[in-house]
Q: 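My questions all concern the structure below.
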Amino acid sequence: MEFSQYNVNSLMYITPRPEIVFTEGRGMWLTDNNGKRYLDYLQGWAVNCLGHCPAVIHEALVAQSQKLLNPSPAFYNAPMVELATMLTQQSCFDRVFFTNSGAEANEGAVKLARKWGQLNKNGAYEIITFDHGFHGRTLAMMSASGKPGWDTIFAPQVSGFPKADLNDIASVEKLITDKTVGVMLEPVQGEGGVIPASREFMQALRALTEKHGILLIVDEVQTGMGRTGELFGYQLSGIEPDIMTLAKGIGGGVPLGALLCREEVACFVPGDQGGTYNGAPLMTAVGIAVLKTVGQPEFLAAVKESGAYLSQQLMKLSDDFGLQGERGEGLLRALKLGQPIGAQIVETARNMEPFGLLLNSPRPDLLRFMPALNVSKEEIDQMLAMLREILAQIKK
Ligand SMILES: *Cc1c(COP(=O)(O)O)cnc(C)c1O
């Protein structure tokens, strides 16, 4: 069907979108309304950890949709219990609450921390977050995020989120008062431009929060579920946080998130937290299928290997074109362009023929790569060859 035949103006305008409509996806590839194919390095924004339409997710959805869709959150269901058990067995956490999105999981983390502060810290409620951090788009999460301008767009802000600088422990210590209940961060800032918190910083943060008896909360919506080569990003630094949030990868493309905490922090009582779809079996059944695949040691070893290969090849590209290097963990990586040519590269890559390449530029001078975690070496080489062609054109 021609693009002009789609009545896109019935949608709210929230972001400029190219004039194509995606109709199919398989693995690393998407197909649009004209039948043109695209090599997809966005994967739904680091969501499709097993690529588009993987068989395990298809099978889980079909099987569960024939059994039970939603008995209500007031009852237990089997996939909800099984996924929670798998997550607690494979992490340092003891309790799980399922959500429908990352922002909702983070809202839950803030509520849990504030409740814990009421019970244990004299009503302390402030959660220190970080400049350029990203935690989602609800009112409170826009306040918790450190995106420039987000403190005023929908004023008044939700208060209680003072901002520190990533990898600067003194900037955190300075903000701690008797009102502080916790610190929340992404182990690798994703939307902020793929900026890893250093191992030393994470360890210092754990020591500092322990010293003050406050909570360490990791937002692993982007870094969790194998993205960094470890099942969870906090494992890169050998620490154990008190609260963790997941989304994106855990659903492999369907809306699923989770809030996890240690037993000592699990202080919700009936009435504090809930939601119509939370823990619904259709989505948690998918989570089980994803975790069974991604949680395999061989799978995680392959992510590390692909990440190292992508890193090395991006470095080579950077050397060849006089760029500023690359950074990241596992298969969440960024190429530093050194010039504000990100948007131009994204546009040129998408318009390439006979097939396009989908890339993301979270900052004008940066490209971010979020392939499926089972991306092949050939698919990495193919992307690099296309990117090389574009850079040769632009830098001529
Ligand atoms: C994407 C993202 C969120 C928001 O998740 P949604 O599912 O879009 O609400 C929160 N935190 C981080 C680190 C993210 O990358």
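Nothing fancy with the numbering, it's 1 onward along the sequence. Keep in mind that this is a model prediction, so the values were computed, not measured. Counting convention: from 1, in listed order, for ligands and their atoms alike.
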Q: Taking 4.0 angstrom as the limit and counting only heavy atoms of Gln222, give me the atoms of ligand 1 inside it, by number and element.
A: 15 (O)
Q: Considering only heavy atoms of Ser101, which atoms of ligand 1 have at least one such atom less than 4.0 Å away?
A: 7 (O), 9 (O)
Q: Of all the atoms in ligand 1, which lie at a distance below 4.0 Å from a heavy atom belonging to Ala103?
A: 4 (C), 5 (O), 6 (P), 9 (O)
Q: May I ask you to check if ligand 1 and Glu186 share an N or O to N or O distance below 3.5 Å?
A: no
Q: May I ask you to decide if the ring planes of Tyr6 and Phe3 are parallel, tilted or perpendicular, using 30° and 60° as cut-offs?
A: tilted
Q: Please work out whether any backbone atom (N, CA, C, O) or any side-chain heavy atom from C-beta onward of Thr223 is under 4.0 Å from ligand 1, and answer side chain, backbone, both or neither.
A: neither
Q: Considering only NZ, NE, NH1 and NH2 on the basic side and carboxylate oxygens on the acidic side, decide whether Glu173 and Lys211 come within less than 4.0 Å.
A: yes
Q: May I ask you to identify, for Phe134, whether its side chain, its backbone, both or neither come under 4.0 Å of ligand 1 on a heavy-atom basis?
A: both
Q: If you compare all heavy atoms of Tyr38 against all heavy atoms of Leu357, which two are closest, and at what distance to 0.1 Å?
A: CD2-N, 4.4 Å
Q: Hey, are Glu240 and Arg262 close enough for a salt bridge, meaning a charged N less than 4.0 Å from a carboxylate O?
A: yes
Q: Enumerate the atoms of ligand 1 whose separation from the nearest heavy atom of Val221 is less than 4.0 angstrom.
A: 1 (C), 2 (C), 3 (C), 5 (O), 10 (C), 11 (N), 12 (C), 14 (C)
Q: In ligand 1, which numbered atoms sit nearer than 4.0 Å to a non-hydrogen atom of Gly102?
A: 5 (O), 6 (P), 7 (O), 9 (O)
Q: Are Arg17 and Phe22 in a cation-pi setup, meaning NZ or CZ lies under 6.0 angstrom from the ring centre and within 45 degrees of the ring axis?
A: no
Q: Going by the atom numbers of ligand 1, which of them fall below 4.0 Å from some non-hydrogen atom of Gly136?
A: 4 (C), 10 (C)
Q: Using a 4.0 Å cutoff against the non-hydrogen atoms of His135, which atoms of ligand 1 qualify?
A: 10 (C), 11 (N)
Q: Are there protein heavy-atom neighbours of atom 5 (O) of ligand 1 below 4.0 Å?
A: yes
Q: State whether the side chain of Ser237 and the backbone N or O of Met202 hold a donor-acceptor pair below 3.5 Å, judged by distance alone.
A: no
Q: Please walk me through it: do Phe232 and Phe93 pass ring-ring contact (aromatic ring centres under 6.0 Å, His included)?
A: CA-CA 12 Å; Phe232 305 113; Phe93 304 99; 7.5 Å; no
Q: Output the list of atoms in ligand 1 that are nearer than 4.0 Å to some heavy atom of Asn106, sorted by atom number.
A: 10 (C), 11 (N)
Q: Are the charged groups of Lys336 and Asp365 less than 4.0 angstrom apart, N to O?
A: no
Q: Using modelled atom types and a 3.5 Å cut-off, is there a donor and acceptor pairing between side-chain atoms of Glu378 and backbone atoms of Gln382?
A: no
Q: Got the closest protein heavy atom to atom 14 (C) of ligand 1, with its distance?
A: Lys248 NZ, 2.9 Å
Q: Just need the protein heavy atom nearest to atom 11 (N) of ligand 1, so name the residue and atom and give the distance.
A: Asp219 OD2, 2.8 Å
